[in-house]
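Worksheet for the structure shown next.
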Amino acid sequence: MFTIGVLASGKGSNLKAILDYIKKEKLPIKTGVVLSDNIESFSLKIAEKEGIEHLCIPEKRHKTFLSAGTEEKYVKKLKECKVDLVCLAGFMRVLKKVFLQEFPWKIINIHPSLLPSFPGLAAWEQALNYGVRFTGCTTHFVEYGIDTGPIILQAVVPVLKEDTPESLHKRIQEKEHLIYPLTVRLISEGKIKILNRRVYISNI
Ligand code: GAR
């Protein structure tokens, strides 16, 4: 069975969307483990409710990175659970090269903008402040850097005159909940290949 591990820091709506989609479509995908750096993360409660192994691995020394020792704990747990794919779902830490090398092109992320525009925090607010007419969300393979790596799927969201940061983020998240589960499915079905850092998708 294709096994995923999900890393999340926040409210866990993308984790929930992935789990719901797997159930609805009866996909042969197992969620082996949910890990969080934040004991308050709702993702841990979602995992508990679904009977999925879950664990908080906190990081005390850094705010945006994980120290080497903490990264090791994440890697060890993901390996123990034999995950085929690591899904970052609002995991607000930048992974270092050692972590990435353990899972070459096997870590994916969702970001709330049309990358490469607006990497980093509160991307919906960056888009609103910049004044773009369209923004959206992106799934991508993770490489070293902030929200960089070969792009898999994108969805476009128009920016409306009356948008507030909250209303825009809400509409972006509706699209995230479509493209992230679909991305996981396509990878599990072997329909995604990377060639010279470009992603090719077959038969959808
Ligand atoms: C999502 O909007 C995701 O795109 C964003 O965090 C939110 C998590 O929501 N990720 C990033 O900004 C990564 N740079 P969730 O906890 O409800 O899934």
Side-chain angles (χ1 to χ4, degrees), residues 4-23 31 33-50 52 54-59 62-66 74 85-96 99-100 107-130 132 134-159 163-185:
I4 61 171
V6 179
L7 272 54
S9 305
K11 67 182 194 288
S13 70
N14 278 288
L15 165 67
K16 175 89 171 50
I18 292 169
L19 298 177
D20 288 350
Y21 183 73
I22 292 171
K23 265 196 220 159
T31 307
V33 68
V34 171
L35 300 175
S36 183
D37 57 334
N38 171 17
I39 189 70
E40 304 286 323
S41 172
F42 206 67
S43 62
L44 295 170
K45 296 191 179 68
I46 295 171
E48 183 172 16
K49 188 161 167 269
E50 295 291 328
I52 297 166
H54 54 284
L55 186 68
C56 176
I57 307 178
E59 166 61 51
H62 303 285
K63 278 213 156 64
T64 50
F65 285 89
L66 299 171
Y74 276 86
L85 183 70
V86 178
C87 305
L88 308 183
F91 188 65
M92 304 314 266
R93 304 272 179 175
V94 181
L95 303 182
K96 295 208 279 285
F99 195 133
L100 301 177
I107 307 177
I108 58 172
N109 182 39
I110 178 106
H111 183 75
S113 75
L114 294 174
L115 289 172
S117 292
F118 312 125
L121 293 177
W124 57 90
E125 200 160 343
Q126 295 185 50
L128 200 59
N129 291 341
Y130 196 95
V132 292
F134 295 92
T135 183
C137 50
T138 304
T139 56
H140 64 96
F141 287 101
V142 174
E143 61 184 10
Y144 189 65
I146 296 176
D147 301 314
T148 59
I151 286 171
I152 308 167
L153 296 180
Q154 292 189 303
V156 176
V157 174
V159 180
D163 261 328
T164 59
E166 294 71 32
S167 66
L168 183 56
H169 189 207
K170 185 165 175 286
R171 289 206 317 290
I172 292 172
Q173 285 225 289
E174 284 165 13
K175 297 284 188 193
E176 290 185 350
H177 300 159
L178 299 177
I179 68 166
Y180 210 10
L182 181 58
T183 301
V184 172
R185 177 186 193 156

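Both ligands and their constituent atoms are indexed starting at 1 by order of listing. Just so you know, these numbers come straight off a predicted model, no measurement behind them. The chain is numbered in sequence order, starting from 1.
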Fill in: Side-chain heavy-atom pair Y130, S117 within 4.5 angstrom cut-off
no
Discussion item. Is it the case that the side chain of Q154 and the backbone of L115 share a donor-acceptor pair, with hydrogens and angles ignored and the cut-off at 3.5 Å?
Written reply: yes
Worksheet entry | S9 side chain to D37 side chain, donor-acceptor N/O pair below 3.5 angstrom | yes
Worksheet entry | side chain to side chain donor-acceptor pair (under 3.5 Å) partners for S113, two or more places apart | H111
Response to the item:
Applied to residues 163-172, the salt bridge (charged side-chain N to carboxylate O under 4.0 Å, His left out) test, sequence neighbours excluded, yields D163-R171, K170-E174
Worksheet, complete the sentence: Residues with a heavy atom under 4.0 Å from ligand 1, by chain and number, are G10, K11, G12, S13, N14, G90, M92, I110, H111, P112, D147, H169, Q173, E176
Fill in: Residues which pass salt bridge (charged side-chain N to carboxylate O under 4.0 Å, His left out) with E143, listed by chain and number, not counting sequence neighbours
R197
